[in-house]
Amino acid sequence: MPKVKDPGLADRGRLKIEWAKAHMPVLSIIAERFSKERPLEGVRIAACLHVTKETAVLALALKEGGAKVCLSASNPLSTQDDVAAALAEEGIDVYAWRGMSEDEYLEAIESTLKCDPHITMDDGGDITVMAHQKGYADRIIGGTEETTTGVLRIESLAKEGILRYPVITVNNAETKWNFDNVYGTGQSTIDGILRATNIMIAGKWFVVAGYGHVGRGVAMRARGMGAKVIVTEVDPIRALMAAMDGYIVMPMKEAAKIGDIFVTATGNRDVIKAEHISLMKDGAILANAGHFDVEVSVKDLELMALSRREIRENLREYLLPNGRRVYLIAEGRLVNLVAAEGHPSEVMDMSFSNQALAVEHLVKEGRSLPPKVHPVPRQIDEEVARLKLRSMGIEIDVLTPEQEKYLKSWRG
Ligand code: 9W4
């Protein structure tokens with residue numbers, strides 16, 4: 001029996017799902033093909049994913065393909081209760097509500113394993129690990145994993161020699177991580193800052209700490225909105241790339257004195273701490289788009305501040321001993337998830353299309369794959385890109401036979 005917060009929210013959830021689907025053309029094409037070909041007829045899938053409108057489009061696509069889908073949340077705080085209610089009405093076995101306890105969270109995952117799945121779909125590794133710990137693994141044909149963290153955990157199962165079924169790492173598909181990190185996080189980080197503050201970006205000094213994929217996306221979008229963008233880095237090669245992309249590069253101790261808005265995207269801790277905060281201008285705004293909540297030292301802010309106030313939702317003011325005020329968005333947690341809605345549907349379209357096609361691949365080939373971590377097959381990755389281009393009305397060239405021959409000759 002599905003378990004959601006309030007079945008009465010289903011109508012609102014259905015509208016959200018409809019809106020997401022309208023912006024997920026690739027997954028829609030796949031769903032249509034699935035409904036004709038029914039490649040997942042009789043397949044039971046236990047999925048542990050963030051219960052969002054985009055995940056709903058994926059779950060319904062799998063159902064169109066003939067699968068029975070059991071779904072639990074992959075974070076106790078990320079469930080959209082209206083979406084969960086709508087999915088329950090659509091015949092998905094959902095066990096998810098926002099604010100569930102840690103015990104309820106684990107019970108929900110186990111409930112989906114009790115559906116006796118052929119396939120697991122994971123976001124963070126929890127269901128894959130539990131399937132192995134609780135003796136469900138032997139009946140499972142294969143699994144997929146959506147994130148870097150999950151891939152690392154599953155690789156460590158493989159290294160210890162205890163992984164019992166093949167897992168496809170959707171995270172490492174080109175059409176997933178390139179687009180998630182740069183364009184998804186880039187846009188949704190700006191979105192989170194705007195929702196939390198409603199400030200104007202144009203003309204501001206915008207400091208981006210870290211010039212990996214996320215930093216690059218954030219810097220690009222901040223510049224596009226008219227900010228003067230400064231990048232800080234510790235890696236000389238990345239710093240050079242930022243400089244040649246036209247950004248101003250300097251150490252955080254210098255940037256701290258200039259910035260109006262600071263976004264961290266380094267994957268490391270204490271990137272902004274007391275020594276920087278004490279240099280900042282009155283009104284400086286801090287946000288984190290990197291890992292967990294460690295990049296901005298909230299501890300330092302709390303220790304330094306004479307007082308603090310909640311100014312708006314997700315915006316806290318700290319009054320410093322020097323009389324200046326600095327503002328922290330979403331307690332230093334991921335600004336794009338807490339203050340906005342994560343990646344836009346158009347970006348999830350690609351990662352979830354990889355998921356759907358990876359499941360189809362596992363159903364066909366999984367029994368002959370060794371119990372290892374496997375990349376998404378290149379044809380699937382390219383198919384997703386091709387369908388996305390087509391949905392955007394973009395055509396590309398194809399190699400002539402002479403060009404193919406020429407390439408082969410010099411490649412040897
Ligand atoms: N969401 C999340 C996590 C924690 C959290 C304290 C109030 C990730 C990927 C996708 O992790 C996700 N904590 C919150 S809100 C919140 C939200 N708090 C903490 O105070 C609120 C998450 C994948 N994804 C997209 O990006 C878009 N559609 C998707 O499925 C979703 C959610």
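Remember, it's 1-based here, ligands and their atoms both numbered in the order they're listed.
Within ligand 1, counting atoms from 1 as listed, the ones closer than 4.0 Å to a heavy atom of Arg333 are 6 (C), 19 (C). Which parts of ligand 1 touch Glu341 is read off a 4.0 Å heavy-atom cut-off, strictly below it: atoms 27 (C). Heavy-atom proximity to Thr55, at under 4.0 Å, picks out these atoms of ligand 1: 30 (O). The contact set between ligand 1 and Gly342, taken as ligand atoms under 4.0 Å from a residue heavy atom, comprises 26 (O).
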Could you go through residues 205-213 and list every donor-acceptor pair under 3.5 Å that involves a side-chain atom there, pairing it with any protein atom two or more places apart or in another chain?
unit_1	atom_1	unit_2	atom_2	d
Tyr211	OH	Asp245	OD2	2.5

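Put simply, the side chain of Ser156 gets close to the backbone of Arg153: a donor and an acceptor are under 3.5 Å apart. Distance alone, capped at 3.5 Å, is enough to place a donor-acceptor pair between the Lys63 side chain and the Glu90 backbone. Listed for the Asp191 side chain is no donor-acceptor partner under 3.5 Å among the backbone atoms of Ala340.
Given atom 2 (C) of ligand 1, the protein heavy atom at minimum distance is Ser78 CB, 3.7 Å. Atom 23 (C) of ligand 1 has its closest protein heavy atom at Met348 CE, 3.8 Å.
Considering backbone and side-chain atoms together, Glu54 places an N or O closer than 3.5 Å to an N or O of ligand 1. Looking at Thr52 next to ligand 1, an N or O pair under 3.5 Å apart turns up. At least one N or O atom of His343, backbone or side chain, sits closer than 3.5 Å to an N or O atom of ligand 1.
Remark: aromatic rings of His132 and Tyr165 are close, center separation under 6.0 Å.
Nearest-residue assignment for atom 16 (C) of ligand 1 (options Leu77, Asn75, Val51; heavy-atom criterion): Leu77. Across Glu331, Glu146, His50, heavy-atom proximity to atom 31 (C) of ligand 1 is greatest for His50.
Using a 4.5 Å heavy-atom threshold, the side chains of Gln80 and Arg98 count as separate.
Within a 6.0 Å radius of CD1 in Ile237, no more than 12 heavy atoms belonging to other residues, nucleotides or ligands are found.
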Could you go step by step and tell me if Glu54 and Ser345 meet the side chain to side chain donor-acceptor pair (under 3.5 Å) rule?
CA-CA 6 Å; Glu54 291 81 17; Ser345 304; 2.7 Å; yes
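Every heavy atom of Lys53 sits 4.0 Å or more from the atoms of ligand 1.
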